[in-house]
Amino acid sequence: EVQLQASGGGLVQAGGSLRLSCAASGFGFILDHYGIGWFRQAPGKEREAVSYIKNSDGKIYYADSVKGRFTISSDKPKNTVYLQMNSLKPEDTAVYYCAAYEGSDYVWPYYYGMDHWGKGTQVTVSS
């Protein structure tokens, strides 16, 4: 069973930065076999895709709202995916989740169909 552990959330002022981590584990887990996505959900809003990295070929996707501010990356030896978030805005406030998709046919930016989810980490950006 694949397990995902998201961490790194917190309270930050607008314009600040945070780095989220998603540590993956499980018997025989190989990060190259999975894509990892970051999704977020604000109160009263639907869950939305933030970024996704397909580890087999390095293809990356970003939501338009975070392009130029957020960067996703993988550390394969550590089975960890990071989301560096810069120039944070109050509208980035949400619970952030990481999720894994096994295979190469993930369709951006849909969150349903992801195979494994981690517990969320709260990001709060004050104005």
Side-chain angles (χ1 to χ4, degrees):
E1 179 71 20
V2 175
Q3 294 181 329
L4 302 174
Q5 180 68 50
S7 61
L11 173 63
V12 65
Q13 288 188 330
S17 298
L18 285 172
R19 189 178 77 157
L20 304 184
S21 299
C22 177
S25 61
F27 181 77
F29 180 85
I30 300 174
L31 192 56
D32 267 344
H33 295 174
Y34 291 83
I36 303 291
W38 285 99
F39 303 83
R40 66 187 181 187
Q41 188 164 19
K45 294 189 177 181
E46 188 176 359
R47 189 168 297 189
E48 62 175 356
V50 176
S51 185
Y52 182 89
I53 182 166
K54 193 167 75 170
N55 289 291
S56 60
D57 62 9
K59 191 168 180 63
I60 287 173
Y61 303 87
Y62 293 105
D64 287 344
S65 59
V66 307
K67 279 180 182 176
R69 300 188 298 123
F70 291 11
T71 303
I72 193 169
S73 61
S74 291
D75 185 335
K76 292 182 181 180
K78 293 184 178 180
N79 280 342
T80 300
V81 171
Y82 302 99
L83 185 68
Q84 178 66 44
M85 306 187 297
N86 298 330
S87 302
L88 282 161
K89 304 175 181 180
E91 51 262 44
D92 294 318
T93 295
V95 178
Y96 284 70
Y97 301 88
C98 62
Y101 184 87
E102 187 172 5
S104 60
D105 59 346
Y106 168 74
V107 179
W108 171 263
Y110 299 103
Y111 64 85
Y112 37 84
M114 300 301 285
D115 294 302
H116 309 282
W117 288 87
K119 293 182 180 179
T121 184
Q122 176 71 47
V123 172
T124 303
V125 184
S126 63
S127 56

statement: One should read off an interatomic distance between Cys98 SG and Leu83 CG, to the nearest 0.5 angstrom, of 10.0 Å
- prompt: Out of curiosity, Ser127 OG to Gln13 CD, how far, rounded to the nearest 0.5 Å?
  reply: 9.5 Å
query: So, do Lys54 and Tyr101 sit near enough that their side-chain heavy atoms are less than 4.5 Å apart?
result: no
task: First locate atom OG of Ser126, then atom CG of Leu88, and finally report the distance between them rounded to the nearest 0.5 Å.
output: 10.0 Å
message: Measuring only between side-chain heavy atoms, which start at C-beta, is Tyr52 closer than 4.5 Å to Ile72?
response: no
query: When you check the gap from the basic side-chain N to the acidic O, do Lys67 and Asp64 get nearer than 4.0 Å?
result: yes
task: Check the surroundings of atom CD in Gln5: do more than 12 heavy atoms from other residues, nucleotides or ligands lie under 6.0 Å from it?
output: no
Audit row: Asp92, Met85, side chain to side chain contact (heavy atoms under 4.5 Å, CB included) steps and yes/no: CA-CA 10 Å; Asp92 294 318; Met85 306 187 297; over 6 Å; no
message: Exactly one of Tyr82, Trp38, Tyr97 should register a side chain to side chain contact (heavy atoms under 4.5 Å, CB included) with Leu20. Which one does?
response: Trp38
task: State, to 0.1 Å, how close Thr80 and Ser21 come at their nearest heavy-atom pair, and which atoms those are.
output: CG2-CB, 4.3 Å
- prompt: Are Ser74 and Ile36 close enough, and set up right, to give a side chain to side chain contact (heavy atoms under 4.5 Å, CB included), and what steps lead you there?
  reply: CA-CA 9 Å; Ser74 291; Ile36 303 291; 5.9 Å; no
query: Do Gln3 and Phe29 come within less than 4.5 Å of each other through their side chains, counting heavy atoms only?
result: no
statement: In this structure, CD1 of Ile30 is separated from OG of Ser56 (nearest 0.5 Å) by 12.5 Å
- request: Drop me the distance from Asn79's CG to Ser25's OG, to the nearest 0.5 angstrom.
  value: 8.0 Å
